[in-house]
Amino acid sequence: MSPQLVVVGGGPIGLACAIEARMNGLEVTLIEPRAGPIDKACGEGLMPGSLAALHRIGVDPPGRRLDGIAYLDRDARVEHFFADRPGRGVRRTVLHQALAERAEELGAERIPAKVAGISQSGDAVELSLSSGGTLLAPWVIAADGLHSPVRRMLGLDGRPQSGTRRRFGLRKHFAVEPWSSLVEVHWSHGAEAYVTPVAERLVGVAVLGGRPLDVDEVVAGIPELAARLEGAAAVTEPRGAGPLLQRARSRSSGRVLLAGDASGYVDALTGEGMRVGFAQARAAIAAVRAGSTEQYERAWRITTRDFRLLTSALVLASRSRFRPRIVPTAARRPDLFGSIVERLSS
Ligand SMILES: Cc1cc2nc3c(=O)[nH]c(=O)nc-3n(C[C@H](O)[C@H](O)[C@H](O)COP(=O)(O)OP(=O)(O)OC[C@H]3O[C@@H](n4cnc5c(N)ncnc54)[C@H](O)[C@@H]3O)c2cc1C
């Protein structure tokens with residue numbers, strides 16, 4: 001029997017789509033080539049809104065409590081403690097496992113393959129699979145990541161960013177007892193280091209910036225962080241992602257909707273990818289049920305507005321002459337810093 005919905009990509013957002021679909025009684029098939037639990041370059045900070053979205057779909061991955069965000073540079077520090085509820089630092093593999101188990105428990109079918117082609121006629125979308133064969137469905141959600149092959153196949157790739165302005169992310173884990181319940185964002189000369197406690201004796205460091213980018217070099221340039229990590233063994237290999245800015249010309253084409261990073265991404269600087277992606281997963285399933293791609297476009301714009309505007313503004317400031325004044329200004333205006341963090345994280 002053909003499914004009512006196919007989800008392409010079994011990362012966190014694809015899995016959330018599959019879970020939402022089953023919670024709404026839809027027959028769903030998920031296509032993902034990689035066996036889990038899947039790791040990825042990520043800061044691994046689930047902001048309060050992300051955690052609440054996971055709880056809503058019955059997923060509660062273990063991790064380390066996050067009470068807020070701190071911005072630091074050589075001269076200044078500003079902290080904001082989340083107003084209503086904590087977030088959680090969760091190792092990416094742990095999050096993936098929890099989502100995959102929930103999807104399976106709810107009866108989402110999974111095909112281990114890559115989508116290699118897509119075409120539409122009338123009310124049907126046809127997917128060709130790398131494993132051979134095709135799959136037909138009335139609706140497809142593509143949650144196949146930053147460099148979404150489905151987005152490209154549908155001609156929905158937006159304008160690429162120019163070479164010198166491109167930003168990348170790299171992350172690595174260190175065996176050291178977390179020293180704070182805050183996500184620390186250390187601003188150094190040309191890069192940011194985003195530090196998240198994720199488990200007992202485990203801290204993730206994600207560095208963001210232009211190329212060349214190297215975790216150890218960025219850490220060495222931040223004396224306070226270098227001191228914290230001195231002697232701590234690196235327990236994962238660096239994993240990278242980027243260019244981070246990815247634009248989509250539209251979030252839908254016919255009966256195919258784009259969700260998660262595939263639908264467009266700004267930057268990892270504000271740690272909002274998953275909160276926004278989980279909101280998109282919910283909106284995409286509501287749109288499939290309503291049979292309305294316009295409904296999804298509207299919901300997508302609303303759910304991503306703050307992320308697009310505030311994160312773009314911060315990235316722009318980070319590349320301007322204002323960069324050295326970002327942390328001192330935030331430290332002078334903790335109320336403003338706090339209200340921006342709240343808008344982005346809850
Ligand atoms: C350095 C860095 C730090 C970050 N820090 C944070 C943070 O602290 N908090 C936060 O919330 N977000 C953070 N993010 C963002 C977050 O990681 C992403 O928003 C999130 O991973 C998006 O999930 P996704 O499911 O859309 O995509 P992905 O996790 O990339 O999953 C896409 C899946 O699609 C599959 N796929 C690809 N092609 C095909 C195909 N042809 N057929 C079938 N399947 C396919 C892939 O195998 C993959 O499993 C960070 C990102 C970076 C780069």
Side-chain angles (χ1 to χ4, degrees), residues 6-18 29-51 53-54 66 69 87-90 92 95-96 99-100 110-118 127-131 135 140-153 167-172 183 185 191-196 198 204-209 213 215 238-246 258-281 284 304 307 311 344-345:
V6 170
V7 176
V8 183
I13 309 311
L15 285 164
C17 288
T29 297
L30 182 88
I31 306 177
E32 164 63 53
R34 293 188 285 168
I38 298 174
D39 205 354
K40 178 192 174 280
C42 184
E44 301 177 327
L46 293 174
M47 298 302 144
S50 284
L51 197 54
L54 284 171
L66 298 179
I69 309 273
R88 196 175 290 170
V90 176
R92 186 70 183 207
L95 173 65
H96 190 267
L99 282 159
R110 185 170 169 263
I111 298 179
K114 228 181 218 173
V115 167
I118 185 164
L127 298 166
S128 36
L129 307 184
S130 57
S131 53
L135 195 60
V140 167
I141 298 176
D144 50 350
L146 213 50
H147 305 289
S148 168
V150 170
R151 185 179 68 213
R152 181 177 28 80
M153 288 183 237
R167 279 166 55 85
F168 296 80
L170 268 179
R171 76 96 179 93
K172 196 166 163 180
V183 172
V185 183
E192 303 88 45
Y194 188 108
V195 184
T196 312
V198 287
V205 177
V207 298
L208 307 171
L213 191 62
V215 178
R239 222 170 239 277
L244 297 176
L245 181 69
Q246 297 292 331
L258 303 180
D261 288 2
S263 69
Y265 188 69
V266 182
D267 199 274
L269 189 49
T270 49
E272 288 311 307
M274 288 189 274
R275 184 185 66 78
V276 169
F278 293 141
Q280 291 166 6
T304 59
F307 170 63
T311 306
L344 282 169
S345 63

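Just follow the structure's listing: the first ligand is 1, and inside any ligand the first atom is 1. All of these numbers come straight from a predicted model, not from anything done at the bench.
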Would you indicate which of R92, R34, M274 comes nearest to atom 21 (O) of ligand 1 when only heavy atoms are counted?
-> R92
Before accepting this row, confirm whether a basic side-chain N of the pair R171/D39 lies closer than 4.0 Å to the acidic partner's carboxylate O.
-> yes
Counting only heavy atoms, which portion of A241 has something under 4.0 Å from ligand 1: side chain, backbone, both, or neither?
-> side chain
Non-neighbouring partners of P33 that pass side chain to side chain contact (heavy atoms under 4.5 Å, CB included), sequence neighbours left out = K114
Considering the heavy atoms of G45, write down every atom of ligand 1 situated less than 4.0 Å from one of them.
-> 7 (C), 8 (O), 9 (N), 10 (C), 11 (O)
Please work out whether any backbone atom (N, CA, C, O) or any side-chain heavy atom from C-beta onward of L46 is under 4.0 Å from ligand 1, and answer side chain, backbone, both or neither.
-> neither
Set of residues satisfying side chain to side chain contact (heavy atoms under 4.5 Å, CB included) with respect to S131, sequence neighbours excluded = A113, L129
Please indicate whether any nitrogen or oxygen in G43 is less than 3.5 Å from any nitrogen or oxygen in ligand 1.
-> yes
Nearest heavy atom to atom 26 (O) of ligand 1, choosing from T270, L269, D261, belongs to D261
Atom 52 (C) of ligand 1 has as its nearest protein heavy atom A41 O, 3.5 Å
Which residue holds the protein heavy atom closest to atom 33 (C) of ligand 1, what is that atom called, and what is the gap in Å?
-> E32 OE1, 3.6 Å
Atom 15 (C) of ligand 1: closest protein heavy atom, distance to 0.1 Å, is Y265 OH, 3.3 Å
